[in-house]
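For reference, the structure discussed in these notes is given below.
Lettering of chains follows the sequences in order, A, B, ..., and the numbering in each one begins at 1. Since we're looking at a predicted model, the values are computed, not measured.
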Protein chains: 2
Amino acid sequence: MLNYSTSEENYIKAIFHLQKDGTVTTNELSAELQTRPASVTDMMKKLKTKKLVHYKAYRGFRLTAEGTRVALLIIRRHRLWEFFLAEKLKFNWDEVHEVAEDLEHVGSKKLIDKLDEFLDFPRFDPHGDPIPDSNGKIENTRQVCLTDVPINKPGVVGHVSDQSSEMLELLGHKKIGIGTRLEVKKKFSFDQSMEIKVRQQPPTHISWELAKNIFVKYEN
Amino acid sequence: MLNYSTSEENYIKAIFHLQKDGTVTTNELSAELQTRPASVTDMMKKLKTKKLVHYKAYRGFRLTAEGTRVALLIIRRHRLWEFFLAEKLKFNWDEVHEVAEDLEHVGSKKLIDKLDEFLDFPRFDPHGDPIPDSNGKIENTRQVCLTDVPINKPGVVGHVSDQSSEMLELLGHKKIGIGTRLEVKKKFSFDQSMEIKVRQQPPTHISWELAKNIFVKYEN
DNA sequence: AAAATTTTTTAGGTTTGTCTAAAAATAATT
DNA sequence: AATTATTTTTAGACAAACCTAAAAAATTTT
C-alpha cells in the first residue's frame, strides 16, 4: 500500500472526476485545480513514472487501473468525512465539501474503516453520491435529488437523506421507500412542489422539502 | 487568525511540550522531531520573524504569548481528535496518538468547535490530559490515572472515563465522585487491585478495572 | 496546404523544508 | 587560562511543487 502526497492525490482525484468523457487535457486539469498548465505537465510526468496515469506528450491522460483504485480510496475518504460532518457534526449540506477536502488526505486505512463502521456503513454522501466500500467498489448509478430529475423520466428511489421518523411516516403514507419506481409528472414553480406518479398508485403531490430528501437513480 | 504549515505547527507543539523546564535547546528539539539541528535553526529563524518564539542565537528558545496561544489550539485539536478516536471509533488507548498527529493539522476552527460540541465538551483526552477550551484555556493540573498514583499521596478525583450506569452505581456505593479526596493505601500485585481511603469513610478495596477509570489531580 | 491560433511542453526560477559539511560559539576539562 | 569537546549556526545543496516566459506541437482557419 503506497502513500501519495496531498498534491498527487488532488491531481488523481481531479482526473477521475474529469475523465468521465474520454481523456483529460492539460488545460482542463489546470482549470480544475487552479494551477498553471506547466505545473500539470510536471505532475503528469511524475504520475506516469509511478504508473498512475497513461500519458503521452500532447495526447492527454487517463488513469491506469492502479490510478483508479487510488482515486476511489480518496473519494471514499472524502465522502465518508462529508457524511460525518453533515450527519454527526450538523454541518450544512453545502459546507461539508470544503472541510472534507482537507480531511480526505488523512490516510490511515484503519481510521477510515473504523469511521465507516461508526457511521454504520453509509452508501451515499450528503449530496447523494455513492461512497466506495473498503475495497474501492462503487455503485455505478449516480443518485440524483428528486428536485433535479427531469419530467417523465422514470427512476428508482435509492436513498433518502433524512431518516427522521416524521419523514418516514410521510413516505410510508405515500407508499414510497427505497426501490420504489416513480416519475415526476409536473413541477410547480410557485412553491417548487411537484406531482409524482408511483406505479399502481394514483398521482400524488409532494412538497419541495420532501423532494429535497429523496434521491433516485435512473438510466441515461 | 493566521495559518501555519504542518511543519511550523509541529515545531510549535514540540517547543510547548519541552519548555516546561525553562528554555528549549536546538538538540532537544531536533531529537524530539527527528530532524537535524541545522533544520531546527532554520525553523527557529522563521518562527522568530513570525514572532512565535523568543530566540537569540546559541541561547535556546521559548514560545511568545502568541506562540503559546497557537500551541494550545494545536493541542486542543490533537486531544479532541484523540478523544473522538477512542470514544467514538473505539480505537485503543495507545493507538490514538499517532492518528491524531495527522488530524490535528486540519485547522478550521468551526470544525473543531463543532467536534467539541458533538463530543459533549470533554475536558480530558484518553490519557487524562486536559483539553484546552475554544479560547485556549487549559486546566493546569494534570490528571493521573489512579493506577499510576503513588501510595499515600492524597489526590482529588477530577474525571472518570467510563460513564456507564453500572460504574456510576459502583462509585456511588463507594462514595466516590468528582471532587472526592482520596489516597491509595496499598496495591496488590496479584490482581492489581488496591486499598484506598476516602475521608470519613473506612478503607475500601477496589479492582484494577475500576481504578483504571478514575483520574485524580494532586499537587506535586 | 499554409498561416494563424491554441495547447502543451521545456527551460530555468522560487519557496518550503529538509540535508551535509564546515565554521563559530559555548561549555567542560585539564 | 588554555585546550578539548560539544553545541549551534552558517553555507551550500536537494526534492517537491509551484511559477513565468519561450519554444514546440497540434489544431483551426483561411
Below 4.0 Å: OP1/OP2 of [N] and any side-chain N or O of [X]:
X: A/Arg59; N: C/dT9; value: no
X: A/Ser5; N: D/dA16; value: no
X: A/Arg36; N: D/dC18; value: no
X: B/Asn27; N: D/dT8; value: yes
X: A/Tyr11; N: D/dC18; value: yes
X: B/Lys45; N: D/dT10; value: yes
X: B/Ser39; N: C/dC19; value: yes
X: A/Tyr58; N: C/dT10; value: no

- [ ] Scan side-chain atoms only and decide if B/Asn10 and B/His105 contain a donor-acceptor pair under the 3.5 Å cut-off.
- [x] yes

- [ ] May I ask you to check whether A/Asp191 and A/Ser193 show a side-chain donor-acceptor distance below 3.5 Å?
- [x] yes

Nearest-angstrom distance from the residue atom [atom1] of [X] to [atom2] of [N]:
X: B/Met43; N: D/dT9; atom1: CE; atom2: C1'; value: 16 Å
X: A/Met44; N: C/dT7; atom1: CE; atom2: C1'; value: 15 Å
X: B/Leu29; N: D/dT9; atom1: CG; atom2: C1'; value: 15 Å
X: B/Leu47; N: C/dT18; atom1: CG; atom2: C1'; value: 15 Å
X: B/Asp42; N: C/dT16; atom1: CG; atom2: P; value: 12 Å
X: B/Lys56; N: D/dT8; atom1: NZ; atom2: C1'; value: 16 Å
X: A/Tyr55; N: C/dT8; atom1: OH; atom2: C1'; value: 7 Å

With a non-hydrogen cut-off below 4.0 angstrom, is [X] in contact with a base, only sugar-phosphate, or nothing?
X: B/Ser7; value: sugar-phosphate
X: A/Phe61; value: nothing
X: A/Thr35; value: sugar-phosphate
X: A/Ala38; value: base
X: A/Thr41; value: base

Before accepting this row, confirm whether a basic side-chain N of the pair [X]/[Y] lies closer than 4.0 Å to the acidic partner's carboxylate O.
X: A/Asp116; Y: A/Arg76; value: yes
X: A/Lys110; Y: B/Glu95; value: yes
X: B/Glu117; Y: B/Lys114; value: no

TODO: Using the closest heavy atom to pick a nucleotide of DNA chain D for each, name whichever of B/Thr25 or A/Gln34 lands nearer the 5' end.
DONE: B/Thr25

Open item on the list: Check for me whether A/Lys217 meets the cation-pi criterion with A/Phe215, that is, NZ or CZ under 6.0 Å from the six-membered ring centre and within 45 degrees of the ring axis.
Closed with: no

